[in-house]
Amino acid sequence: MERFTVVTREDEVSLSLGKKIADQLTEQSKVFDNENPEIVISVGGDGTMLHALHQRMHQIESVHFVGIHTGTLGFFTDYEEKEVEQLLEDLISGNPSTEEVQLLEVRRYNGERFESLYAINEARVENIIKTQRIEVFIDDEYLETFRGNGLCVSTQIGSTAYNRSLRGAVLLPSIRAMQLTEVAGIHHKLSRSLSTSLVVPESHVIRFESKSYNDSILCFDHLHVSLDGVDAIEFRLCKKAARFARYRPTSFIKRLNNLY
Ligand code: NAP
């Protein structure tokens with residue numbers, strides 16, 4: 001891949017590593033092209049990669065991503081800081097395979113009209129001001145009425161992120177599914193919902209309906225939007241995918257072991 005750009009976290013180590021990578025690739029006749037890159041190199045953490053992915057959402061299917069972590073090994077990053085020379089060698093003369101990561105499509109409905117947003121890790125409805133009531137449907141079949149702070153729908157790759165803090169299960173990469181988890185659900189004699197997480201295979205659609213989403217927000221990865229005027233939200237794994245350039249296999253179990 002000849003045309004590249006670099007996205008760096010705003011700390012000293014990441015900035016200087018990002019500059020080193022850009023300088024050395026340019027010296028090797030690679031072309032810095034921020035408009036139309038073939039590969040985006042993320043320098044920082046998994047959070048930095050999320051920013052890089054969202055910045056390129058308009059060209060997500062024509063760009064590859066690779067990450068170097070300036071903390072520990074991450075889930076989106078294949079190289080640690082000390083491996084920068086290996087990353088440069090791979091970028092200059094390596095032949096990567098492509099790993100596709102399916103995106104979560106989130107539709108905000110106002111009557112019949114909807115607007116789509118895309119997430120890599122998860123999307124969630126959260127209300128920290130008052131109890132949020134949500135009717136949950138799986139493929140138009142009523143499942144439950146949830147009451148509490150909110151509900152989170154995560155992807156496989158997001159299962160190690162916010163989902164894990166909510167005590168959702170970690171899914172291995174071959175599992176193509178969404179996971180629905182509760183955020184501070186209310187459970188007593190008069191109010192019940194599943195309370196455990198629900199793993200929903202890719203062919204299904206999760207739908208949230210509510211009479212009022214006042215004071216709630218819809219968070220997707222590090223971004224958020226208002227739910228004013230929204231009456232339903234649908235979540236589905238879609239055909240759109242982010243493409244990671246894999247120059248060498250990195251075990252998911254190793255990444256997981258490194259996490260805690
Ligand atoms: P952020 O500071 O960019 O990220 C928060 C933490 O989540 C960081 O430690 C980040 O790792 C880690 N992370 C991100 N994606 C991950 C993944 N797929 N697997 C494991 N860890 C992951 O926070 P932000 O900008 O508010 O939100 C970005 C993401 O952070 C969200 O998508 C959400 O999943 C996650 N988050 C988690 C919690 C929580 O667990 N309580 C709370 C808020 C947000 P790095 O240090 O490598 O960047």
Side-chain angles (χ1 to χ4, degrees), residues 6-15 17-18 40-57 60 65-84 87 99-106 117-128 148-185 197 199 216-225 235 237 241-244 246 250-260:
V6 184
V7 176
T8 49
R9 193 164 58 195
E10 293 289 311
D11 64 84
E12 227 173 276
V13 174
S14 305
L15 286 168
L17 201 61
V40 176
I41 304 153
S42 160
V43 184
D46 284 333
T48 317
M49 181 64 89
L50 281 178
H51 282 80
L53 288 157
H54 278 279
Q55 280 170 19
R56 299 285 158 185
M57 203 50 90
I60 198 90
F65 295 84
V66 67
I68 180 162
H69 208 297
T70 48
T72 171
L73 184 66
F75 286 89
F76 295 122
T77 53
D78 290 350
Y79 298 84
E80 293 179 69
E81 188 187 337
K82 60 179 188 266
E83 297 177 302
V84 62
L87 169 64
E99 184 186 328
E100 294 197 350
V101 170
Q102 249 181 320
L103 302 187
L104 180 71
E105 182 189 353
V106 185
L117 304 165
Y118 296 91
I120 292 103
N121 270 345
E122 79 284 301
R124 55 195 209 261
V125 171
E126 287 209 47
N127 191 332
I128 57 163
N149 277 33
L151 287 168
C152 173
V153 178
S154 93
T155 60
Q156 178 278 320
I157 206 158
S159 68
T160 46
Y162 191 59
N163 169 75
R164 193 173 76 99
S165 298
L166 298 174
R167 302 262 169 212
V170 170
L171 303 183
L172 296 191
S174 55
I175 301 173
R176 293 167 77 94
M178 300 175 277
Q179 189 171 172
L180 177 68
T181 44
E182 298 188 353
V183 185
S197 74
V199 176
S216 260
I217 50 171
L218 176 66
C219 304
F220 56 114
D221 299 337
H222 57 287
L223 304 169
H224 67 274
V225 288
F235 305 83
L237 287 171
R243 289 168 174 73
F244 288 85
R246 300 290 188 213
T250 308
S251 146
F252 181 78
I253 301 300
K254 188 174 163 203
R255 292 180 204 266
L256 196 55
N257 171 268
N258 218 49
L259 180 64
Y260 55 92

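As the structure lists them, so they are numbered: ligands from 1, and atoms in each ligand from 1. Numbering starts at 1 and runs along the sequence shown. Keep in mind it's a predicted model, so treat the numbers as computed, not measured.
- If you take CG on L104 and CG on D221, they are separated by 8.5 Å, rounding to the nearest 0.5 Å.
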What are the distances between nitrogen or oxygen atoms of ligand 1 and protein nitrogen or oxygen atoms, counting only those under 3.5 Å?
unit_1	atom_1	unit_2	atom_2	d
ligand 1	15 (N)	N121	ND2	3.0
ligand 1	18 (N)	N121	OD1	3.0
ligand 1	18 (N)	I157	O	3.1
ligand 1	19 (N)	T160	OG1	2.7
ligand 1	32 (O)	N121	ND2	3.1
ligand 1	32 (O)	E122	OE1	3.3
ligand 1	32 (O)	E122	OE2	2.7
ligand 1	34 (O)	E122	OE1	2.5
ligand 1	34 (O)	Y162	N	3.1
ligand 1	40 (O)	S165	OG	2.5
ligand 1	41 (N)	S165	OG	3.3
ligand 1	47 (O)	D46	N	2.8
ligand 1	47 (O)	H69	NE2	2.8
ligand 1	48 (O)	D46	N	3.2
ligand 1	48 (O)	G47	N	2.8

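- The main-chain N or O of L180 is never found under 3.5 Å from a side-chain atom of S197 such that the two would form a donor-acceptor pair.
- Residues A242 and L53 share a closest heavy-atom pair of CB-CD2, 3.7 Å.
- Below 30°, between 30° and 60°, or above 60°: for F220 and H54 the angle between ring planes is above 60°, a perpendicular geometry.
- When only modelled atom types and interatomic distance are considered, S42 and T48 share no side-chain donor-acceptor pair under 3.5 Å.
- Taking CZ of F252 as the start and CD of Q156 as the end, the distance is 5.5 Å to the nearest 0.5 Å.
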